[in-house]
Asker: 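What follows is a single structure, and I will ask about it in a moment.
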Amino acid sequence: MSPNEEPLVMPANDATQAPIYHTLVQEHGDVLATARRAAEETKQTAEDVLDFSTPTRAGAPDPA
């Protein structure tokens, strides 16, 4: 590829450029959408459980 050539990139969410995507979704379900939902749920769970806003020392008594 020459320095002036732009790489051929297909956006991940542009299914109109990838007709095989529709066939794969029909055969296997929308795996990408399922993975995105699972990642978002995992991220939200981690944010709910892990609170680093007030650092504490290991072994220090709970201030509550």
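On a predicted model such as this, the values are computed, not experimentally measured, just so you know.
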Asker: To the nearest 0.5 Å, tell me how far Arg36 CZ sits from Thr34 OG1.
Answerer: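 So the CZ of Arg36 and the OG1 of Thr34 are separated by 9.5 Å.
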Asker: Please table the atom pairs, donor to acceptor, closer than 3.5 Å between any side-chain atom in residues 24-33 and protein atoms at least two apart or in another chain.
Answerer:
residue, atom, partner, partner atom, Å
Asp30, OD1, Tyr21, OH, 2.8
Asp30, OD1, Ala33, N, 3.3
Asp30, OD2, Tyr21, OH, 3.4

Asker: Mind listing the side-chain donor-acceptor pairs of residues 39-46 below 3.5 Å, one per line with the distance, residues two or more places apart or on another chain?
Answerer:
residue, atom, partner, partner atom, Å
Thr42, OG1, Ala38, O, 2.8
Gln44, NE2, Asp48, OD1, 3.0
Thr45, OG1, Glu41, O, 2.9

Asker: Using a cut-off of 6.0 Å, state whether more than 12 heavy atoms not belonging to Ile20 lie near its atom CD1.
Answerer: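 No, CD1 of Ile20 has 12 or fewer neighbouring heavy atoms, counting only those of other groups under 6.0 Å.
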